[in-house]
Amino acid sequence: MPISAPPSPGHAPVRADSAVRPAPVVAPPPAPRLRPADREVLWLYLLTRVAVWTTAYCTRWLFPASGDARVPAPVLAPFEHWDWGHFLNIARDGYFPEGPDEEDNREAFFPGLPLVLRAVHVLIPHWTVAGLLVSLVAGAVAAVALARIAELHLPGSGAGRRAALFLLVSPCAVFLAAGYSEALFLALALPAWLAARRQRWLLASVLAAGATTVRISGLFLAAALVVLFLTTLTTRTTRTPRTPRTPLPTLPTRRGEGTSRKCDAAWLVLPGLPALLYFWYLYGRTGDPMAWKHAQERGWYRHFRAPWEAWSQTWHEAFDRTQATGYAAQFQADLLAMVLGLLLLGVLVVRRRWPEAVYLALTLWALGTSYWYMSVARSTLLWWPLWVGLAVWSVRRRWVAIAYLCLVAPLSTVLAVTFMSGRWAG
């Protein structure tokens with residue numbers, strides 16, 4: 001017969017044969033989706049957007065298309081240049097409204113941004129406002145995701161805010177505010193990388209597939225995800241050396257873990273499907289699955305050349321006075337960006353950051369094997385290892401942040417004015 005403890009004063013006696021009910025388990029409150037650090041990054045993002053719009057306002061008045069203009073350009077005119085016209089035409093009219101056209105070359109652009117733009121246009125009739133809204137929201141998502149990736153390297157150090165700041169004031173940051181594809185790509189690619197670092201491979205694959213619909217760089221991201229997956233397998237099976245007296249622990253094995261790993265690996269083929277679907281669509285309309293590549297060759301001279309030939313041709317255009325000064329300055333910027341990319345690639349290899357190195361190597365190969373360099377400087381926006389590395393470096397060396405801002409802030413302003421005044425392409 002069970003013996004019960006005497007009842008404590010002020011409490012009713014407990015019956016010996018009564019079942020003891022366990023105390024109810026109170027679930028912890030759900031973690032907020034936005035942490036305080038995320039809010040700080042969003043405030044920083046908002047302030048930089050105000051700076052961009054201030055620059056746009058001043059550019060309309062101070063740098064009109066005509067020197068004797070009495071009325072400034074329309075409010076949204078600073079953002080309606082070059083590639084925006086291609087994205088607008090695709091979203092509004094499709095790729096081939098009147099059949100294949102070798103002079104239009106709009107098929108060089110992947111359909112992700114035009115599809116999102118068309119969907120937003122259902123609610124916002126003005127196309128330019130819709131495009132700016134897409135970039136505004138996507139840029140906020142990208143800034144928060146980049147900050148979280150940087151915090152994985154140095155938790156609690158403020159590296160996340162620094163990484164976001166370095167990206168948002170970088171020389172080509174104006175393209176994150178315009179209706180271009182960079183902001184949307186980063187809004188998908190950076191969360192995909194963050195999910196992969198947390199070994200959420202299904203989510204990472206879905207997001208990377210979305211990134212592939214936006215830019216061909218999504219395939220480079222997919223390759224980096226595969227390498228990251230393989231490195232996690234290697235890390236899991238690698239044991240830390242210990243003293244002979246301490247037995248080596250065995251890694252815990254869950255039921256079905258091998259099957260789960262196979263499923264994770266299978267999901268990694270998903271990012272390639274959007275590109276295959278787009279190639280299949282082009283084949284059905286033009287008979288050429290690589291029509292996007294041939295459109296780039298026709299419109300932007302992206303014919304394949306050996307890397308040293310591409311470097312030589314770009315150097316010639318940049319310094320031998322064969323181009324107008326505006327074009328020559330762009331070639332100089334692309335040369336500098338290529339040198340920066342190669343240095344960053346070397347650092348990643350030395351530190352054995354193989355997934356990031358694969359992503360950057362594929363990107364540099366694609367940009368550095370055409371007739372001449374084009375948009376290499378813009379591509380730096382997509383090199384998240386660069387912004388994370390600078391942030392970590394600046395935490396350890398405080399002078400780095402000051403030097404970066406002093407050098408980059410003027411360049412960012414000048415290039416923003418150049419783009420908004422319509423003088424970017426010469």
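The figures here come from the full heavy-atom set of this structure, side chains too, leaving out hydrogens, waters and symmetry mates.
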How many angstroms lie between atom [atom1] of [X] and atom [atom2] of [Y], to the nearest 0.5 angstrom?
X	Y	atom1	atom2	value
Ile124	Leu117	CD1	CG	10.0 Å
Leu382	Leu221	CG	CG	10.5 Å
Leu282	Leu277	CG	CG	11.0 Å
Leu133	His126	CG	NE2	13.0 Å
Leu42	Arg49	CG	CZ	11.5 Å
Trp127	Leu88	CH2	CG	6.5 Å

[X] side chain near [Y] side chain, heavy-atom distance below 4.5 Å:
X	Y	answer
Ser370	His303	no
Val388	His153	yes
Leu154	Arg396	yes
Leu186	Leu176	yes
Gln296	Tyr301	no
Leu381	Leu167	yes
Arg106	Tyr95	yes
Ser170	Thr380	no

Ring centres under 6.0 Å, that's the criterion: do [X] and [Y] meet it?
X	Y	value
Trp393	Trp399	yes
His86	Trp300	yes
Phe319	Trp315	yes
Trp383	Tyr359	no

Using every non-hydrogen atom in the two residues, find where [X] and [Y] come nearest and quote the distance to one decimal.
X	Y	answer
Leu390	Val400	O-CG1, 4.4 Å
Leu335	Ala318	CD1-CB, 3.9 Å
Ala187	Ala138	CB-O, 3.4 Å
Ala204	Ala196	CB-N, 3.8 Å
Phe220	Ala366	CZ-CB, 3.8 Å
Val358	Ala223	CG1-CB, 4.1 Å

N-O pairing of [X] and [Y] below 4.0 Å:
X	Y	value
Arg148	Glu151	no
Glu107	Arg298	yes
Asp83	Arg378	yes
Glu40	Arg161	yes

Measure from the side-chain N and O atoms of [X] to the backbone N and O of [Y], and report whether any donor-acceptor pair falls under 3.5 Å.
X	Y	answer
Arg302	Tyr371	no
Thr213	Pro111	no
Arg118	Ala91	yes
Ser379	Ser375	no
Ser135	Leu132	no
Asp334	Phe331	no
Tyr45	Leu136	yes

Looking only at side chains, do [X] and [Y] share a donor and an acceptor under 3.5 Å apart?
X	Y	value
Trp308	Ser312	no
Arg162	Ser394	yes
Gln313	Glu309	no

Restricting to pairs with a member in residues 189-202, which pass side-chain hydrogen bond (donor to acceptor under 3.5 Å, both in side chains), not counting sequence neighbours? Gln199-Arg261
Parallel, tilted or perpendicular for Tyr404 and Trp387, by the 30°/60° rule? perpendicular
Take Tyr57 and Val52 through the test side chain to side chain contact (heavy atoms under 4.5 Å, CB included) and record every step on the way to the result. CA-CA 9 Å; Tyr57 177 84; Val52 169; over 6 Å; no
Partners meeting ring-ring contact (aromatic ring centres under 6.0 Å, His included) with Tyr373 (sequence neighbours left out): none
By ring-ring contact (aromatic ring centres under 6.0 Å, His included), Tyr180 pairs with (sequence neighbours left out) Phe175, Phe419
With ring pair (Phe, Tyr, Trp, His ring centres under 6.0 Å) as the test, pick out the partner of Tyr278 among Tyr283, Phe109, Phe110. Phe110
Arg92, CZ: over 12 other non-hydrogen atoms inside 6.0 angstrom: yes
Other residues, nucleotides, ligands: >12 heavy atoms within 6.0 Å of Trp267 CH2: no
